[in-house]
> 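Quick one: the structure is below, questions incoming.
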There are 2 protein chains.
Amino acid sequence: MIKNKDLEKELVQKGYKITRQRKIILDTFARLKKRWITAQELYEIVIEKNPKINFSTVYRNLDILTRISILCKIDKGQGVYYYSLNNKDHHHHLICKLCGKTKSIHFCPLEYIDTENFQDFTIVEHKLEIYGYCKECMKDRLVSSGK
Amino acid sequence: MIKNKDLEKELVQKGYKITRQRKIILDTFARLKKRWITAQELYEIVIEKNPKINFSTVYRNLDILTRISILCKIDKGQGVYYYSLNNKDHHHHLICKLCGKTKSIHFCPLEYIDTENFQDFTIVEHKLEIYGYCKECMKDRLVSSGK
DNA sequence: TGCCTAAATGCAAGTATTTGCATTTAATTA
DNA sequence: TAATTAAATGCAAATACTTGCATTTAGGCA
Ligand SMILES: [Mn+2]
Ligand SMILES: [Mn+2]
Ligand SMILES: [Zn+2]
Ligand SMILES: [Zn+2]
């Protein structure tokens, strides 16, 4: 169970203020657990509790929460970003190009890369996303292509 | 030397038409060699030769050329995409967060991933980008932080 | 060469996200 | 508790990119 109180503590500790808007946003993600939502979907949930919250406040909070790793932000290839509570452990994603389903993988390329070859480049971040078809969607593809 | 005639041949072979607009775009990338440019920069070069070419034509062509791997598209983290002629070999990028310089690397995570573990997921694409600081920018950072 | 048609373009409107700036507010301190 | 102030918010405009639809055009064929 993810407690929004813990998330608030983390924010305070990093010097951010706990605003009414931010509380609602954190609370929403805590209740959604690991479900992925878009900025638009978050906005719609959030205005139920505070009808005058602004879209740019939503975006600014998504940005901060992502940068401090409370949220995870992914591009499912649909022209919109998806957000959800981040796992504590470092991971990447498999993303189904058809249904958008995602799966975390604990493989990380940085463990395999020969960083000795990059003395002249200091790595600070990386992004790996793997796209394809999940089992179910692959089945559908085979069927519709006449097996 | 990259010849735009070769690029045109590739397009024809894949069933695309060679329009006046497309010729100018291909020619521009061929002449720029491996320099990275944004859609805006391309548009500005291209209207010199045909002042009535439309921005959406530029975007649509960038999209097609990227999808068929004639161009490579990267996110340097500045809120705009950069495009350049693609290498023929599969590669990924190191991107400097300060000056935007990029370096191709021929390391690919898919060679290290244990695909046996993903029988239930069919991989068709992947995206790896590594961000950090290049030698020069790292030097500047060390200096400005008081060595 | 002229006709035909699918593909490409132009244009205008739409979408997702970001930003500048004036105002409000959370949290610190007196 | 009231005063202070940096951070956060609201609002409106900007940016980067995409899309629908009417029109044009490349390239195949008679
Ligand atoms: Mn994640
Ligand atoms: Mn590349
Ligand atoms: Zn799927
Ligand atoms: Zn640099």
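Throughout, a chain's letter reflects where its sequence line sits, starting with A, and its residues are numbered from 1.
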> Is there a side-chain contact between A/His91 and A/Cys108 in this structure, where contact means two heavy atoms from C-beta onward sitting under 4.5 Å apart?
no

> Can you tell me how far C1' of D/dC17 sits from CD of B/Gln78, to the nearest Å?
17 Å

> Verify whether one side chain among A/His126 and A/His90 offers a donor that lies under 3.5 Å from an acceptor in the other.
yes

> Between atom NZ in B/Lys23 and atom P in D/dA26, what is the gap in whole Å?
10 Å

> Give me the one residue out of B/Asn86, B/Ile64, B/Leu7, B/Asn61 that meets side chain to side chain contact (heavy atoms under 4.5 Å, CB included) with B/Ile70.
B/Leu7

> Quick one: does B/Arg22 reach the base of D/dG27 with a side-chain donor-acceptor pair under 3.5 Å?
no

> Of all the nucleotides listed (D/dT9, C/dG10, D/dC17), which has the minimum atom distance to the side chain of A/Asn61?
D/dT9

> Does a side-chain N or O from B/Arg60 land closer than 4.0 Å to OP1 or OP2 of D/dC17, or not?
no

> Take atom CD1 of A/Ile64 and atom C1' of D/dT9, then tell me their distance rounded to the nearest Å.
11 Å

> What is the distance, rounded to the nearest whole Å, between atom NZ of A/Lys14 and atom P of D/dA6?
23 Å

> Of the nucleotides C/dT9, C/dT17, C/dA6, which has the atom closest to the B/Lys17 side chain?
C/dA6

> Please tell me whether A/Tyr43 and A/Glu41 have a donor and an acceptor in their side chains that are separated by less than 3.5 angstrom.
no

> Donor-acceptor pair under 3.5 Å: do we get one between A/Ser56's side chain and the base of D/dC11?
yes

> Take the protein atom CZ of B/Phe55 and the nucleotide atom P of C/dT15, then report the distance between them rounded to whole Å.
20 Å

> Scan A/Thr19 against the nucleic acid and name what it touches under 4.0 Å (heavy atoms): base, sugar-phosphate only, or nothing.
sugar-phosphate

